[in-house]
Colleague: 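After the structure tokens below, expect a handful of questions from me.
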Amino acid sequence: MIMENDLTLLSAAARDYLSGQKQLFIGGSWRDAASGASLPVIDPSSGREICRIAAAGAPDVDAAVGAARAAFEGKVWRSMRPHQREAIMLRLADLIAGEAHALAEIETVNSGKLIANTRLFDADLSVYTLRYMAGWATKITGETMDLSVPYLPDLRFDGFTKRFPVGVVGAITPWNVPLCQAVWKLAPVLATGCTLVLKPSENTSLTALRLAELCAEAGVPDGVVNIITGTGAAAGQALVDHPGVDKISFTGSTRVGRLIGESAGRRFRKYSLELGGKSPAIVAADADLEAAIPGAAWAIYGNHGQNCCAGSRLLVHRSIFEEVVAGVADIATTMRLGPGLDPASMMGPLVSRAHRARVSDFVESARAAGASVTGGEVVEGEGAYFRPAILTGLALDHPAVREEIFGPVLCAMPFDTLDEAITIANDTAYGLGASIWTDSMRTAQTVYDRVDAGTIWFNTHNVLDLALPFGGLKDSGVGHELGREGLFSHTKIKAGVVPHAR
Ligand code: NAD
């Protein structure tokens with residue numbers, strides 16, 4: 001089986017883009033990092049370097065925040081009429097749509113993900129996100145109200161609120177859905193009149209850099225969107241700590257999110273944190289197994305398990321436990337591994353060999369603890385391939401059961417009563433998503449009411465929509481992306497009071 005991406009299959013646009021060293025996009029122009037440092041971009045199917053990105057440090061971050069601040073204070077974007085911002089956002093959406101295939105190819109080569117996935121979830125969903133948020137630009141409203149003011153009985157007042165853009169947004173994104181994550185950060189910034197400094201993951205920065213070019217082409221004024229690449233420790237930390245940033249919008253691990261929340265909280269900055277998960281998929285005794293078995297498999301193995309709301313804990317009623325586990329294991333063991341550009345591949349490599357080593361360590365530690373393991377082998381060769389795994393027989397306090405693995409590793413466990421399933425489902429620091437597979441409305445409602453998760457799915461999993469607020473409870477985050485909540489979190493609200501006319 002061919003395990004490396006065949007780069008001769010790439011479109012000319014993608015091939016051109018993948019060559020050469022990439023620079024930082026600051027104030028509408030391109031420049032190297034002040035230190036001249038760069039980082040390699042690796043194709044995880046082969047382990048080969050495909051190009052290099054600039055490794056920004058504190059001086060570059062300072063320049064990018066300065067450009068975003070100047071654009072915000074200069075009102076080049078926020079003073080535009082809302083319908084003008086909407087039109088530019090729609091133009092940007094059209095430009096992304098026009099090169100969706102090349103963007104998907106770049107993402108696949110950079111991240112290892114399947115081309116069908118990068119097309120649907122990175123390129124196409126980015127287009128829909130921009131169109132959805134563009135519609136909001138003309139619909140950002142406050143409220144008016146008749147006030148009581150009981151301590152001034154002789155006077156009457158009207159009250160009103162108005163929403164203003166929050167200012168300079170510092171956004172930091174992970175590597176699992178790179179372009180889409182970048183656009184989820186960008187779109188509400190543009191709709192509300194804010195400005196942006198975005199630092200994508202050092203593993204997968206390429207499509208964000210191309211996005212910067214498309215923003216300029218669409219007519220987004222210089223300085224409104226700035227993209228800096230580099231490591232979390234250098235560029236990310238400098239952005240988080242920069243006094244010129246009004247809001248930090250972070251998506252990534254709970255460990256880093258905690259550091260960011262502490263830093264932003266100390267300085268009273270606004271922040272939103274979209275963090276990790278260990279989401280349960282609960283299969284009740286009355287579930288339709290023809291839907292639940294492939295549904296549970298897709299819940300964990302989709303995007304190679306590199307999905308924040310992956311159904312990584314499978315809780316199955318004891319009466320059907322063997323049947324469900326065998327069904328999911330059958331899907332896992334027959335999944336065809338291969339490079340993301342090959343349309344026949346069902347799972348590509350993980351994002352890097354370093355990440356695969358971390359995933360594999362969880363499986364080996366489970367094996368050492370006496371778990372029954374199906375799959376979970378490292379595939380020999382230069383790529384970062386890993387066979388999807390299903391683990392049973394683990395104690396509930398084993399790290400593989402409790403911690404986010406962020407790879408194609410499923411921990412399955414039986415339960416006897418719905419109460420027990422809910423207790424296990426909630427027995428984690430995380431609270432991002434959960435699914436319940438059942439024919440019973442009462443069971444579904446009980447799970448919805450009692451499981452602590454930002455999204456609950458019924459007889460499905462991993463279904464997100466731009467209109468639905470997406471966010472985590474507990475250690476899975478603070479705040480929301482998407483929907484009206486995600487948009488409004490980029491605004492600050494001011495109240496006003498006026499006396500009634502006499
Ligand atoms: P990560 O936390 O290691 O890195 C995320 C981003 O933060 C990267 O750009 C990284 O460079 C940067 N970073 C790292 N250290 C930093 C620091 N000290 N200061 C500032 N920035 C820093 O996460 P990852 O491995 O890239 O991504 C996987 C994680 O992302 C998983 O935990 C996953 O659940 C989470 N995730 C959450 C959501 C969600 O919406 N809840 C979506 C996708 C991914």
Side-chain angles (χ1 to χ4, degrees), residues 39 53 55-58 61 110-111 113 121-122 125 129 170-185 197-205 208 227-242 245 248-264 269 271-279 300 302-312 350-352 354-359 403-407 428-433 453-455 462 464 468-483 485-486 489:
L39 293 167
I53 51 170
V61 171
N110 190 178
S111 68
K113 302 194 318 171
F121 289 97
D122 286 289
L125 199 53
T129 303
I172 299 177
T173 50
W175 43 259
N176 62 326
V177 201
L179 178 59
C180 188
Q181 289 288 349
V183 172
W184 282 16
K185 301 297 184 203
V197 178
L198 168 71
K199 195 210 81 69
S201 166
E202 54 271 46
N203 289 320
T204 54
S205 295
I227 312 281
I228 50 163
T229 54
T231 63
Q237 190 73 53
L239 182 58
V240 168
D241 292 340
H242 199 291
V245 172
I248 286 286
S249 175
F250 174 76
T251 302
S253 62
T254 294
R255 182 187 67 79
V256 176
R258 201 180 302 283
L259 297 174
I260 290 176
E262 284 168 3
S263 164
R269 292 291 180 276
Y271 60 95
S272 62
L273 306 172
E274 302 292 337
L275 308 178
K278 192 74 182 174
S279 301
I300 176 65
N303 211 32
H304 320 171
Q306 302 170 140
N307 170 8
C308 53
C309 40
S312 51
L350 302 188
V351 73
S352 66
H355 182 57
R356 180 182 64 178
R358 182 180 174 276
V359 171
E403 293 175 24
E404 184 184 47
I405 300 176
F406 217 57
T428 162
Y430 298 106
L432 195 53
T455 303
N462 283 339
L464 308 179
L468 267 178
F470 179 66
L473 305 181
K474 296 164 38 181
D475 289 9
S476 288
V478 175
H480 288 93
E481 283 195 308
L482 305 180
E485 285 80 358
S489 73

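Along the sequence shown, the residues carry numbers beginning at 1. Counting starts at 1 for both ligands and their atoms, in listed order.
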Colleague: How far is atom 23 (O) of ligand 1 from its nearest protein heavy atom, and which residue and atom name does that atom have?
Modeller: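 Scanning the protein heavy atoms, the shortest distance from atom 23 (O) of ligand 1 goes to Ser253 N, 3.5 Å.
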
Colleague: How about Asn307 and Asn176: does a side-chain donor come under 3.5 Å of a side-chain acceptor?
Modeller: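 No.
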
Colleague: NZ/Lys474 to CG/Leu275 distance, rounded to the nearest 0.5 angstrom?
Modeller: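 CG of Leu275 is found 13.5 Å from NZ of Lys474.
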
Colleague: May I ask you to check whether Glu202 has an N/O atom sitting below 3.5 Å from an N/O atom of ligand 1?
Modeller: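 Indeed, backbone or side chain, Glu202 has an N or O that close.
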
Colleague: Do you see a protein non-hydrogen atom under 4.0 Å from atom 2 (O) of ligand 1?
Modeller: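 Under the 4.0 Å cut-off, atom 2 (O) of ligand 1 does have protein heavy-atom neighbours.
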
Colleague: Rounded to the nearest 0.5 Å, what separation is found between the CG atom of Leu468 and the CG atom of Leu482?
Modeller: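 Leu468 atom CG to Leu482 atom CG measures 8.5 Å (nearest 0.5 Å).
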
Colleague: Does Pro200 have a non-hydrogen atom less than 4.0 Å from ligand 1?
Modeller: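 Judged by the 4.0 Å heavy-atom criterion, Pro200 does count as contacting ligand 1.
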
Colleague: Which atoms of ligand 1 are found less than 4.0 Å from any heavy atom of Phe406?
Modeller: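 Listed by number with element, the hits are 28 (C), 31 (C), 33 (C), 34 (O).
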
Colleague: For atom 37 (C) of ligand 1, tell me which residue out of Leu275, Leu432, Asn203 has the closest non-hydrogen atom.
Modeller: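 Heavy atom nearest to atom 37 (C) of ligand 1 belongs to Leu275.
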
Colleague: Would Thr251 and Lys185 count as having a side-chain donor-acceptor pair, cut-off 3.5 Å?
Modeller: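 Yes, side-chain donor-acceptor contact under 3.5 Å.
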
Colleague: Atom 13 (N) of ligand 1: which of Ser263, Gly232, Cys308 has the nearest heavy atom?
Modeller: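 Checking each option, the heavy atom nearest atom 13 (N) of ligand 1 is found in Gly232.
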
Colleague: Under 4.0 Å from a heavy atom of Trp175: which atoms of ligand 1 are those, numbered in the order shown and with their elements?
Modeller: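 Checking each atom against Trp175, I get 24 (P), 25 (O), 26 (O), 27 (O).
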
Colleague: May I ask you to list the atoms of ligand 1 that are less than 4.0 angstrom from any heavy atom of Gly276?
Modeller: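 The list of qualifying atoms is 32 (O), 34 (O).
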
Colleague: Could you grab the distance from atom CD of Gln306 to atom CG of Leu350, nearest 0.5 Å is fine?
Modeller: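 With rounding to 0.5 Å, CD (Gln306) is 5.0 Å from CG (Leu350).
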
Colleague: Quick check: does Gln237 get an N/O under 3.5 Å from an N/O on ligand 1?
Modeller: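 There is such a contact, yes.
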
Colleague: Give the atom numbers and elements of ligand 1 that come within less than 4.0 Å of a heavy atom of Asn176.
Modeller: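 Here the atoms of ligand 1 in question are 43 (C), 44 (C).
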
Colleague: Heavy atoms only, cut-off 4.0 Å: how does Glu404 contact ligand 1, side chain, backbone, both, or neither?
Modeller: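 The answer is the side chain of Glu404.
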
Colleague: Answer whether the closest heavy-atom distance between the side chains of Glu481 and Ser249 falls below 4.5 Å.
Modeller: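 They are in side-chain contact.
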
Colleague: I need the minimum non-hydrogen distance between Pro200 and Ala208, along with the two atoms involved.
Modeller: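 Looking at all heavy atoms of both residues, the closest pair is CG-CB, 3.8 Å.
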
Colleague: Using side-chain contact (heavy atoms from CB on, under 4.5 Å) as the criterion, point out the one residue from Asn303, Leu432, Val177 that pairs with Cys308.
Modeller: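 Only one of Asn303, Leu432, Val177 forms a side-chain contact (heavy atoms from CB on, under 4.5 Å) with Cys308, namely Leu432.
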
Colleague: Identify which of Ile405, Asn307, Thr251 has a heavy atom lying nearest to atom 5 (C) of ligand 1.
Modeller: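 Of the listed residues, Thr251 has the closest heavy atom.
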
Colleague: Find out whether Tyr430 and Glu404 are in side-chain contact, i.e. whether some heavy atom of one side chain is under 4.5 Å from a heavy atom of the other.
Modeller: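 Tyr430 reaches Glu404 side chain to side chain.
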
Colleague: Which residue and non-hydrogen atom of the protein lie closest to atom 12 (C) of ligand 1, and at what distance in Å?
Modeller: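 Closest protein heavy atom to atom 12 (C) of ligand 1: Ile172 CG2, 3.6 Å.
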
Colleague: Which heavy-atom pair separates Leu273 from Ile260 by the least distance, and what is that distance?
Modeller: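 Minimum heavy-atom contact is CD2-CG2, 4.0 Å.
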
Colleague: Has Ser201 got any heavy atom lying under 4.0 angstrom from an atom of ligand 1?
Modeller: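 So Ser201 counts as touching ligand 1.
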
Colleague: If you measure from NZ on Lys199 to CD1 on Ile228, what distance do you get to the nearest 0.5 Å?
Modeller: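 One finds 7.5 Å between NZ of Lys199 and CD1 of Ile228.
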
Colleague: Considering only heavy atoms, does Ala235 approach ligand 1 within less than 4.0 Å through its side chain, its backbone, both, or neither?
Modeller: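 Under 4.0 Å from ligand 1, Ala235 contributes no heavy atoms.
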
Colleague: Hey, looking at atom 27 (O) of ligand 1, which of Pro174, Ala233, Gly454, Pro178 has the closest heavy atom?
Modeller: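 Looking at heavy atoms only, the winner is Pro174.
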
Colleague: Looking only at protein heavy atoms, which one is nearest to atom 16 (C) of ligand 1, and how far off is it?
Modeller: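 Checked against all protein heavy atoms, atom 16 (C) of ligand 1 sits closest to Val256 CG1, 3.4 Å.
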
Colleague: Ignoring hydrogens, just give me the one of Ser352, Gly236, Ala238 whose non-hydrogen atom is nearest atom 20 (C) of ligand 1.
Modeller: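 It is Gly236 whose heavy atom sits nearest to atom 20 (C) of ligand 1.
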
Colleague: Heavy-atom pairs closer than 4.0 Å: do any link ligand 1 to the side chain of Glu481, the backbone, both, or neither?
Modeller: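 None of Glu481 does.
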
Colleague: Does even one non-hydrogen atom of Gln181 get within less than 4.0 Å of ligand 1?
Modeller: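 Yes, Gln181 has heavy atoms under 4.0 Å from ligand 1.
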
Colleague: I need the Asp241 CG to Arg269 CZ distance, nearest 0.5 Å.
Modeller: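 If I round to the nearest 0.5 Å, the distance is 11.0 Å.
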
Colleague: As an exercise, identify every atom of ligand 1 less than 4.0 angstrom from a heavy atom of Glu274.
Modeller: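 Result: 37 (C), 38 (C), 39 (C), 40 (O), 41 (N).
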
Colleague: Using a distance-only test with no angle check, is there a side-chain donor-acceptor pair under 3.5 angstrom linking Asp475 and Thr254?
Modeller: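 Not at all, the side chains of Asp475 and Thr254 share no donor-acceptor pair under 3.5 Å.
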
